[in-house]
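In what follows, a single structure is set out as structure tokens and then discussed.
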Amino acid sequence: MCFASALVLMTALTNPFPSPGAPAMRLSRFFLPILRETPKEAEIVSHRLMLRAGMIRQQSAGIYSWLPLGKIVLSKIEQIVREEQNRSGAIELLMPTIQSAELWRESGRYDAYGKEMLRIEDRHEREMLYGPTNEEMVTDIFRSAVRSYRDLPLNLYHIQWKFRDEVRPRFGVMRGREFLMKDAYSFDIDRERAREAYNRMFVAYLRTFDRLGLKAIPMRADTGPIGGDLSHEFIILASTGESAVFCSKDILDLPIPPDDVDFRGDLSPIVTAWTTPYAATDEMHDAAAFEALPEDKRVSARGIEVGHIFYFGTKYSGPMGANVAGPDGVEQPVHMGSYGIGVSRLMGAIIEASHDEAGIIWPESVAPFAVGLINLKTGDQKTDSVCDGLYERLTNAGVAVLFDDVDGRAGAKFATMDLIGLPWQLVVGPKGLERGEVELKRRATGERLTLSVDAAVNRLMAG
RNA sequence: CGGGGCGUAGCGCAGCCUGGUAGCGCAUCUGGUUUGGGACCAGAGGGUCGCAAGUUCGAAUCUUGCCGCCCCGACCA
């Protein structure tokens with residue numbers, strides 16, 4: 001054993017937060033305030049489970065602290081969103097949460113935006129606001145630097161907290177007042193180029209939601225005064241969804257664009273394929289068109305909006321003077337679109353779509369840990385040493401482990417693991433060890449495998 | 001913003017109608033017995049009863065005002 005790996009080993013044994021290998025945590029050192037009973041304010045299942053699993057704590061109506069388990073998942077969702085934005089060619093920046101009213105006066109929205117905008121005054125009595133969105137600000141950044149069509153296309157995005165003072169926040173993080181959102185803004189020389197930018201986001205969204213373990217369906221949305229067909233809501237199907245949705249079964253079977261999809265090429269065939277089958281929320285529902293589908297193709301379900309993409313042309317660039325020179329030397333307002341994903345809302349949406357009586361069932365891509373290692377009898381020398389060995393081996397092998405090393409009863413341990421929904425549970429107890437066996441349980445199916453210690457490690461390393 | 005409801009220990013609740021110095025379950029702590037799907041026994045700690053004013057000898061309880069939170073609706077990522 002070389003010095004470096006000996007160091008790694010020692011670190012894993014002595015440090016509760018070993019830096020090498022995968023994220024790992026001993027329950028005895030973690031902060032996981034599980035609730036056995038459901039707080040009465042939580043009406044829908046995702047809210048109940050997030051509170052019970054110690055992921056969030058409400059601080060005020062529609063405003064939440066993200067406790068460690070929730071924070072881990074939030075970061076994982078955020079990272080997948082980020083990776084797919086980057087893949088599509090969007091560029092990340094970070095704009096502030098507090099904005100000045102001045103900018104919003106330029107677009108005319110300071111007065112148009114209703115009470116949903118949280119208005120603040122600073123010590124100099126300047127009018128400020130907590131941003132509900134960032135069109136004005138990103139347009140200001142753009143106009144300060146870009147003068148020519150040669151700098152286009154450009155898509156700038158950030159992942160930042162927003163605040164909308166909803167009249168009635170509800171459903172936990174699904175409809176909070178403070179929420180984490182990815183918002184991207186595209187800049188193009190004309191409508192045709194803007195459509196290409198739109199298509200890139202469309203494809204990026206298909207990939208993003210698929211990676212999050214969700215079946216998201218793009219549905220035509222109202223474009224308001226802009227008109228046209230360039231606005232879609234991405235809806236995930238969940239029995240507890242907030243609104244009724246209707247679609248053709250065909251759309252559920254469409255292939256997700258692969259990770260090597262060429263974002264510089266023509267994406268319109270993909271977008272066309274995904275926008276051809278019938279799919280609509282109840283607001284845009286065309287009962288006649290839906291009834292025209294063969295009966296066995298009709299899907300009538302409930303859905304949650306997790307993303308929205310929108311082309312709005314020169315709505316902000318016009319009044320704010322965000323112009324670029326075209327090839328002909330003539331300055332013209334830039335064509336823009338905006339593209340949102342509700343990152344914090346997604347956590348609720350994922351749970352709505354993936355849970356059972358006992359608790360959450362995380363898709364592997366966003367699970368806070370891959371496996372929960374359960375020591376059924378702490379203090380038993382053999383069990384302790386096998387668990388310690390497993391914890392270290394799995395961590396060094398890149399498998400994220402939450403190790404329940406606390407002295408407690410088996411039933412409570414199982415119930416906690418089921419509640420927090422890690423994809424795998426690795427159960428180690430003296431009875432099994434007498435036969436050299438441990439038990440590996442898959443959370444999603446309840447399927448249990450009785451394996452040797454080595455076989456269990458291999459199985460988990462295989463993913 | 002219209003309608004309804006609730007604030008009593010960390011969580012879930014009783015007590016309020018009929019005023020008399022606060023209680024139950026879970027959780028927590030101590031000791032013991034237990035130990036493979038949310039154990040048992042014994043003991044202990046923990047509450048300005050949302051806030052304020054009023055009525056009263058006395059208010060969790062009655063009155064008024066305020067604050068907070070939830071649900072339904074309208075609205076929205």
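To find a chain, count down the sequence lines: A is the first, B the second, and so on, and within it residues start at 1.
B/rA27 and B/rG47 have their C1' atoms separated by 16 Å, with the value rounded to a whole Å. With P as the reference atom, B/rA59 and B/rG32 are 46 Å apart, rounded to whole Å. Of the C1' atoms belonging to B/rA9 and B/rG15, the separation is 15 Å, rounded to the nearest Å. Here, B/rC41 and B/rG37 have their C1' atoms 23 Å apart, quoted to the whole Å. The same atom, P, is picked in B/rG54 and in B/rU61; the two are 14 Å apart, to the nearest Å. Across B/rG50 and B/rA22, the matching P atoms stand 15 Å from one another, rounded to whole Å. A gap of 6 Å separates the P atoms of B/rC49 and B/rA60, to the nearest Å. Here the separation of B/rG36 from B/rA42, taken at their P atoms, is 22 Å to the nearest Å.
In the interface, the side chain of A/Arg168 is not paired with the base of B/rG4 through any donor and acceptor atom under 3.5 Å apart. The base of B/rA27 lies outside donor-acceptor range of the side chain of A/Arg36, with no N or O pair under 3.5 Å.
Residue contacts shown for A/Gly446 are absent, as no nucleic acid heavy atom lies under 4.0 Å away. In this structure, A/Lys413 reaches neither bases nor backbone, as no heavy-atom distance under 4.0 Å exists between it and the strands shown. When heavy atoms are screened at a 4.0 angstrom cut-off, A/Leu376 is found touching base atoms of the nucleic acid. Residue A/Asp183 is out of contact with every strand shown, counting any heavy-atom pair closer than 4.0 Å. Contacts of A/Gly432 with the nucleic acid, taken as non-hydrogen atoms under 4.0 Å apart, include base atoms. Contacts of A/Thr416 with the nucleic acid, taken as non-hydrogen atoms under 4.0 Å apart, include base atoms. A/Lys441 comes within contact range of at least one nucleobase, with a heavy-atom separation under 4.0 Å. Among the protein residues, A/Glu41 comes within range of the sugar-phosphate backbone only, with heavy atoms under 4.0 Å from sugar or phosphate atoms but none that close to a base. Residue contacts shown for A/Arg57 are absent, as no nucleic acid heavy atom lies under 4.0 Å away. Residue contacts shown for A/Val427 include a base, since a base heavy atom lies under 4.0 Å away. Contact annotation for A/Gly340: no contact, since no heavy-atom pair falls under 4.0 Å across all strands. When heavy atoms are screened at a 4.0 angstrom cut-off, A/Thr133 is found touching no nucleic acid atom at all. Residue contacts for A/Pro132: at a heavy-atom cut-off of 4.0 Å it reaches no nucleic acid atom on any strand shown.
Between the CD atom of A/Glu116 and the P atom of B/rC75 there is a distance of 12 Å, given to the nearest Å. Following rounding to the nearest Å, A/Ile420 (CD1) and B/rG38 (P) show an atom-to-atom distance of 18 Å. Protein atom NZ of A/Lys182 is 15 Å distant from nucleotide atom P of B/rA77, rounded to whole Å. Nucleotide B/rC69 holds its P atom 10 Å from the OH atom of A/Tyr64, rounded to whole Å. Note: NE2 (A/His47) to P (B/rC69) measures 13 Å, nearest angstrom. Look at CG on A/Leu214: it is 19 Å from P on B/rA77, rounded to the nearest Å. Straight-line distance from the CG atom of A/Asp407 to the P atom of B/rU28: 12 Å, rounded to whole Å. Following rounding to the nearest Å, A/Lys40 (NZ) and B/rG10 (P) show an atom-to-atom distance of 14 Å.
Of the residues A/Tyr110, A/Tyr316, A/Tyr113, the one that meets the ring-ring contact (aromatic ring centres under 6.0 Å, His included) test with A/Trp104 is A/Tyr113. Screening A/Glu83, A/Glu84, A/Gln85 for a side chain to side chain donor-acceptor pair (under 3.5 Å) involving A/Arg87 leaves a single residue, A/Glu84.
B/rC66: Watson-Crick or G-U partner is B/rG50, with both key distances under 3.5 Å. A 3.5 Å limit on both hydrogen-bonding distances identifies B/rU33 as the Watson-Crick or G-U partner of B/rA39. Base pairing annotation: B/rG2 forms a Watson-Crick or G-U wobble pair with B/rC72, both donor-acceptor distances under 3.5 Å. The partner of B/rC57, taking Watson-Crick or G-U wobble pairs whose two distances both stay under 3.5 Å, is B/rG20. Shown here, B/rA9 forms no base pair; nothing in the strands shown gives a Watson-Crick or G-U wobble contact with both key distances under 3.5 Å. Base-pair partner of B/rA77: not found among the strands shown (Watson-Crick or G-U wobble, both distances under 3.5 Å).
Among the nucleotides B/rC1, B/rG37, B/rC75, the one closest to any side-chain atom of A/Phe414 is B/rG37. Of the listed nucleotides (B/rG36, B/rU35, B/rA77), B/rA77 has the atom at the smallest distance from the side chain of A/Met181. Each of B/rC11, B/rG36, B/rA74 was ranked by its minimum atom distance to the side chain of A/Arg170; first place goes to B/rA74. Comparing B/rC13, B/rC75, B/rC69 by their closest approach to the side chain of A/Ala61 singles out B/rC69. Of the candidate nucleotides B/rG12, B/rU35, B/rG37, B/rU35 has the atom nearest to the side chain of A/Lys377. Side-chain atoms of A/Ala412 lie closest to B/rG38 of the nucleotides B/rC1, B/rG38, B/rG37.
In this structure, the side chain of A/Arg52 engages the main chain of A/Arg36 through a donor-acceptor pair within 3.5 Å.
In terms of position along RNA chain B, the nucleotide closest to A/Gly408 lies nearer the 5' end than the nucleotide closest to the other residue of the pair A/Gly408 and A/Ala42. Each of A/Glu178 and A/Lys431 has a nearest nucleotide on RNA chain B; the 5'-most of these lies closest to A/Lys431.
Between A/Arg164 and B/rC75 there is no side-chain N or O to OP1 or OP2 distance below 4.0 Å. Note on A/Arg409: every side-chain N or O is 4.0 Å or more away from OP1 and OP2 of B/rU35. Remark: A/Lys162 is not in phosphate contact with B/rA77, judged by side-chain N or O atoms under 4.0 Å from OP1 or OP2. At the phosphate of B/rC70, OP1 or OP2 sits under 4.0 Å from a side-chain N or O atom of A/Gln58.
A/Phe179 qualifies as a stacking partner of the B/rA77 base, centre to centre under 5.5 Å and near-parallel within 30°.
At a cut-off of 3.5 Å, with distance as the only test, a side-chain donor of A/Glu136 or A/Ser107 sits close to an acceptor on the other residue. A/Glu135 and A/Thr133 form a side-chain donor-acceptor contact under 3.5 Å, judged by distance and modelled atom types alone. Inspection of the A/Ser186 and A/Tyr339 side chains reveals an N or O donor paired with an N or O acceptor under 3.5 Å.
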TODO: Could you walk me through whether A/His232 and A/Phe202 pass ring-ring contact (aromatic ring centres under 6.0 Å, His included), step by step?
DONE: CA-CA 8 Å; A/His232 286 86; A/Phe202 191 105; 5.4 Å; yes
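Under a 4.0 Å N-O distance rule, the pair A/Glu166/A/Arg164 does not qualify as a salt bridge. Salt bridge present: A/Glu92 and A/Arg82 bring a charged side-chain N and a carboxylate O closer than 4.0 Å.
Nearest approach of A/Lys377 to A/Pro430, heavy atoms of both residues: CD-CG, 3.5 Å.
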